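Below: the structure, in structure tokens.
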Amino acid sequence: MEKGSIMWAEKAQAGVLFTARALLDFALPPRCPACGTIVSDPHRFCLGCWSKLVFLAEPCCARCGLPFAYPAGAGAECGRCLAEPPPFDRLRAAVAYDEVARKVALKLKYSGRPGVAETLAGLMARHLRSPDGQPPGLLVPVPLHRWRIWRRGYNQAALIAASLSRRSGIPAAPGLLRRTRHTPPLRGLGRRERAEAVRGAFAVENAGAVAGRRIILVDDVFTSGATGGACAKVLKRAGAASVEMLCWARVVREMTGTGNGPEAP
């Protein structure tokens with residue numbers, strides 16, 4: 001085929017794709033994942049919702065990612081992590097858990113909107129790191145019990161992990177961690193009650209795939225750390241070199257047992 005014909009074919013293909021996208025946007029325009037306002041492109045927030053998101057970054061606790069008011073030095077940890085070191089080695093979240101972050105998480109979890117996982121992953125990916133001297137990473141979603149998967153149709157953490165894997169090239173292992181029993185809703189429970197509710201609720205399917213690996217646990221929301229902590233413990237027992245957590249949102253202010261906090265997976 002001549003060069004001119006190839007260029008013409010490429011232009012024609014681009015024109016078809018542009019037209020198809022225009023027709024799709026007219027019929028099903030992209031909308032803000034939080035409030036539903038029509039936006040310019042898929043996976044974008046409207047200006048109002050975007051301005052309300054509180055993005056989390058340095059300075060923060062080196063372990064749990066809790067924001068600091070001022071830089072405290074490399075490796076500085078918050079008081080809670082110093083007093084009660086969590087089972088995981090590092091936690092990072094894209095945003096603070098507030099009204100906008102909550103709306104998006106609920107749409108992914110309960111409203112049959114699996115495409116929202118791609119939106120969240122795009123904002124979480126900046127926290128994926130490859131520390132020098134660390135073993136290769138493996139993305140492992142926090143598992144759901146099969147009853148909840150049947151009702152919901154998918155595991156939101158697994159969808160986020162798959163999207164992060166496509167973006168980063170880090171492999172995902174959605175079946176590596178299994179929830180062995182159904183756990184009650186954690187909403188409204190205190191920290192100790194949550195930890196007791198998920199004790200012994202997780203198991204590693206293939207210890208050989210975990211041994212010596214840097215595991216990156218993926219979830220939508222981090223509240224008290226009960227679920228992530230329980231997962232981290234079984235992964236460490238299976239031989240993981242380190243366990244990190246990566247979430248869409250994390251609670252910054254302490255949530256009391258009033259029923260106002262997010263529910264667990």
Side-chain angles (χ1 to χ4, degrees), residues 63-65 85-94 105 108-109 114 117 120-121 124-125 127-130 134-186 194-250 262-265:
R63 184 178 288 255
C64 77
F88 50 81
D89 298 283
R90 181 178 184 263
L91 163 70
R92 292 295 181 269
L108 172 59
K109 191 178 290 188
L120 306 193
M124 294 164 61
H127 286 302
L128 285 173
R129 63 172 193 174
S130 299
Q134 290 290 318
L138 186 65
L139 293 161
V140 178
V142 171
L144 285 181
H145 190 270
R146 62 180 181 275
W147 294 352
R148 285 186 176 172
I149 293 179
W150 289 341
R151 288 198 299 266
R152 195 171 300 172
Y154 53 80
N155 175 3
Q156 71 278 359
L159 295 181
I160 296 172
S163 180
L164 287 169
S165 179
R166 290 191 295 270
R167 291 171 177 273
S168 66
I170 299 174
L176 188 60
L177 200 58
R178 177 172 56 89
R179 192 177 287 248
T180 59
R181 61 178 174 81
H182 178 68
T183 53
L186 303 186
R194 287 178 178 232
E196 187 61 33
V198 297
R199 190 188 306 277
F202 301 96
V204 174
E205 287 289 274
N206 181 2
V210 172
R213 298 293 293 268
R214 170 180 157 247
I215 303 299
I216 306 168
L217 268 175
V218 178
D219 207 358
D220 54 348
V221 176
F222 178 89
T223 311
S224 67
T227 300
C231 292
K233 286 178 181 178
V234 298
L235 288 164
K236 287 285 187 74
R237 284 199 292 267
S242 65
V243 178
E244 304 172 17
M245 288 199 68
L246 180 58
C247 305
W248 155 241
R250 66 150 292 163
E263 189 171 324

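Note that this is a predicted model, so its numbers are computed, not measured.
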Inter-residue atom distance Arg166.CZ - Leu139.CG, 0.5 Å rounding: 11.5 Å
Interatomic distance, Ile215 atom CD1 to Cys231 atom SG [nearest 0.5 angstrom]: 11.5 Å
Stepwise side-chain contact (heavy atoms from CB on, under 4.5 Å) check, Val140 with Val210: CA-CA 10 Å; Val140 178; Val210 172; over 6 Å; no
Check: Val142 main-chain N/O paired with Asn155 side-chain donor or acceptor under 3.5 Å: yes
Spacing of SG belonging to Cys247 relative to CG belonging to Leu120, to within rounding of 0.5 Å: 11.0 Å
Closest non-hydrogen atom pair between Gln156 and Lys109, with its separation: NE2-CE, 3.6 Å
Trace of the side-chain contact (heavy atoms from CB on, under 4.5 Å) decision for Ile170 with Leu164: CA-CA 8 Å; Ile170 299 174; Leu164 287 169; over 6 Å; no
N/O donor-acceptor pair under 3.5 Å between Arg250 side chain and Cys64 backbone: yes
Heavy-atom closest contact (Ala173 atom, Pro141 atom, distance): O-CD, 3.7 Å
Minimum heavy-atom distance between Ala238 and Val204, given as atom pair plus value: CB-CG2, 3.9 Å
Straight-line distance of Ile160 CD1 to Met124 CE, nearest 0.5 Å: 5.0 Å
Leu176 side chain near Leu138 side chain, heavy-atom distance below 4.5 Å: yes
Minimum heavy-atom distance Val234-Phe202, with the two atoms named: CG1-O, 3.5 Å
Arg178 side chain to Pro143 backbone, donor-acceptor under 3.5 Å: no
Asp89 side chain vs Val243 backbone, donor-acceptor pair below 3.5 Å: yes
Side-chain (Arg63) to main-chain (Phe88) donor-acceptor, under 3.5 angstrom: yes
Minimum heavy-atom distance Arg181-Arg199, with the two atoms named: NH2-O, 2.6 Å
Evaluation steps, side-chain contact (heavy atoms from CB on, under 4.5 Å), between Arg179 and Thr227: CA-CA 11 Å; Arg179 192 177 287 248; Thr227 300; 4.1 Å; yes
Closest non-hydrogen atom pair between Leu159 and Pro114, with its separation: CD1-CB, 3.6 Å
Neighbour count above 12 (heavy atom, 6.0 Å) for Lys236 NZ: yes
Separation of Met245 CE from His127 NE2 (nearest 0.5 Å): 13.5 Å
side-chain contact (heavy atoms from CB on, under 4.5 Å) assessment of Leu217 paired with Leu246: CA-CA 6 Å; Leu217 268 175; Leu246 180 58; over 6 Å; no
Inter-residue atom distance Leu144.CG - Trp150.CH2, 0.5 Å rounding: 13.0 Å
